[in-house]
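By convention in this document, chain letters (A, B, ...) are assigned in the order of the sequence lines, proteins followed by strands, and residues within each chain are numbered from 1. Since this is a predicted model, take the numbers as computed values, not measurements.
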Protein chains: 2
Amino acid sequence: MEYSINKLSKMSGISTRTLRYYDEIALLKPVRVASSGYRIYGRKEIDTLQQILFYKELGFSLDKIKKFLTAPDFDMETAFNHHLVELLNQRERLDGLIDNVKKSLAAIKGEITMSDKEKFAAFAQRLVDENERKYGAEIRAKYGDGTVDASNERVRGITKEQYERAKRLNTKFEETLKSAFATGDPAGELAQKACELHKQWLCIFYPNYSKEYHLGLGELYISDERFKTNYEKLAAGCTEFFREAINVFCKE
Amino acid sequence: MEYSINKLSKMSGISTRTLRYYDEIALLKPVRVASSGYRIYGRKEIDTLQQILFYKELGFSLDKIKKFLTAPDFDMETAFNHHLVELLNQRERLDGLIDNVKKSLAAIKGEITMSDKEKFAAFAQRLVDENERKYGAEIRAKYGDGTVDASNERVRGITKEQYERAKRLNTKFEETLKSAFATGDPAGELAQKACELHKQWLCIFYPNYSKEYHLGLGELYISDERFKTNYEKLAAGCTEFFREAINVFCKE
DNA sequence: ATAAACTATTCCGTAACGTCAAAGTCAAGA
DNA sequence: TCTTGACTTTGACGTTACGGAATAGTTTAT
């Protein structure tokens with residue numbers, strides 16, 4: 001059974017434009033092309049399209065979906081784990097936004113008159129990051145935006161002592177990680193100690209620490225350039241190494 | 001006090017590229033431009049930038065932020081309310097994705113067998129998405145958001161009775177299909193009755209039933225392994241037979 | 001034969017910038 | 001004064017996953 005692009009489109013609910021796009025990026029090629037240039041799809045292509053739609057529903061990018069389909073021995077479990085971590089991060093960020101918007105709304109409805117826009121803006125700014133202005137820039141410069149943005153709510157209440165402690169922990173952590181990297185064994189004692197230090201550091205900003213989140217952070221370090229360059233400064237390949245270490249650490 | 005683009009960039013943590021972009025879209029213009037073409041910012045621009053960053057932290061688009069800043073009597077409360085609703089919707093969607101990814105992960109790991117019930121739920125979810133994708137915007141444009149949400153709710157939160165009815169229908173359908181397959185005639189009375197039962201089953205989840213969709217479903221059953229194995233359990237070759245039957249059924 | 005329906009290939013646009021590239025500007029040391 | 005280096009400018013392309021439009025060729029039906 002053969003299908004024109006329009007037939008396939010109507011069957012699947014996917015626009016012809018999209019199907020052409022999938023052809024263009026080699027995600028879904030027609031089984032053959034007629035002499036007229038018309039695309040012709042077969043049964044196998046319908047099957048593939050269904051799979052594509054399935055992965056799409058889970059929020060995977062087309063690029064990853066392509067890898068799923070082309071590499072037959074793709075490590076699905078790892079890929080899904082990565083994806084889950086990413087989604088969890090996204091949700092946490094959303095939670096933060098929602099929280100702040102709710103607060104701002106309350107402020108608007110409350111004592112602020114809408115006419116006095118400037119007053120409100122000033123107030124709202126104070127509302128969001130009183131502490132952020134004090135330490136935020138400093139922290140941001142050191143650890144990258146992600147730390148501040150993702151944990152705005154928690155960072156806000158951080159004390160100077162805590163900040164000093166974080167700084168000390170971080171120094172110690174970097175030293176330990178560097179030594180650990182020299183051993184080349186991410187499961188070794190040194191590497192695991194680095195993980196422990198990192199966990200302590202992390203707990204300052206994220207009181208609700210979980211292994212799941214720690215694991216996710218390992219992924220974040222690799223995928224986020226800002227973190228990666230930070231760690232790569234210690235040693236080339238250090239980020240990957242640290243991720244391995246975290247993987248071991250969190251599985252114990 | 002006057003600031004070069006670099007100074008402002010370093011003070012605010014915003015890249016020069018971004019500042020130029022904000023100039024380009026008229027979100028933040030420099031106070032003046034030197035004869036050399038260099039941008040020069042003043043104190044007022046710093047304040048404006050702070051405001052921009054505040055709104056950005058709440059997840060507003062630059063376009064909306066511009067309206068906040070330029071329209072002096074903007075209805076903040078309404079805008080914030082809309083924004084909040086949008087964020088909540090996004091989170092709900094994320095929750096759904098996370099749920100599905102978790103389930104898929106469990107399935108991959110083999111922790112649970114994709115039971116019939118879950119298959120069922122997955123399928124229902126897919127129908128919702130498809131329904132939303134196809135008609136959502138249209139309906140929403142006509143009747144407002146409420147309608148779609150209610151409609152989706154109906155599908156997602158199918159009642160126990162509906163579920164029971166679906167189950168009964170499905171059993172009956174399978175029996176009929178099995179008998180029909182024995183006759184070998186996809187255009188015969190029994191096969192057509194099976195199609196009718198299938199249609200009724202389908203209509204529980206898909207109120208906007210159309211022959212076209214039913215037809216497409218026939219293809220889906222053959223191409224999707226999860227469905228295919230389900231039907232092949234009844235009899236070998238049964239899936240193909242059923243598709244033929246649907247073809248006849250929908251052409252009447 | 002001609003109109004209707006279908007299909008193809010560009011190309012532009014989306015949001016919010018990052019990342020070069022080529023070229024002009026400014027302050028300071030030799 | 002010349003040159004070097006730091007700084008700045010304006011393009012222009014890349015990113016995601018397509019939507020939409022323009023233009024031109026193909027197939028099908030009457």
Terminal axis angle for the helix from C:dA1-D:dT30 to C:dA30-D:dT1, five pairs an end, nearest 10 degrees: 40°
B:K66 vs C:dA16: side-chain N/O to OP1/OP2 distance below 4.0 Å: no
Spacing of B:D63 atom CG relative to C:dA16 atom C1', expressed in whole Å: 12 Å
Separation of D:dT8 P from B:L19 CG (nearest whole Å): 11 Å
Close approaches to DNA chain C from residues 31-44 of chain B, in residue order (heavy atom, under 4.0 Å): B:S36, B:Y38
Under-4.0 Å salt bridge between A:R43 and B:E240: yes
Length of the CG-C1' vector between A:L53 and D:dC18, whole Å: 14 Å
Sugar-phosphate, base or nothing in reach of A:I5, heavy atoms under 4.0 Å: sugar-phosphate
Listed partners of B:S36 passing side chain to side chain donor-acceptor pair (under 3.5 Å), at least two apart: none
Atom-pair distance (OH on A:Y21; P on C:dT9), nearest Å: 16 Å
B:I25 CD1 - C:dG13 P separation (whole Å): 16 Å
Sugar-phosphate, base or nothing in reach of B:T16, heavy atoms under 4.0 Å: nothing
Residue whose nearest DNA chain C nucleotide is more 5′ - A:R20 or A:R17: A:R20
Between P of D:dC7 and NZ of B:K7, the distance in whole Å: 10 Å
Side-chain N,O (B:T18) to OP1/OP2 (C:dA16) below 4.0 Å: no
Protein-nucleotide distance (B:N6, atom CG; D:dG5, atom C1'), rounded to Å: 14 Å
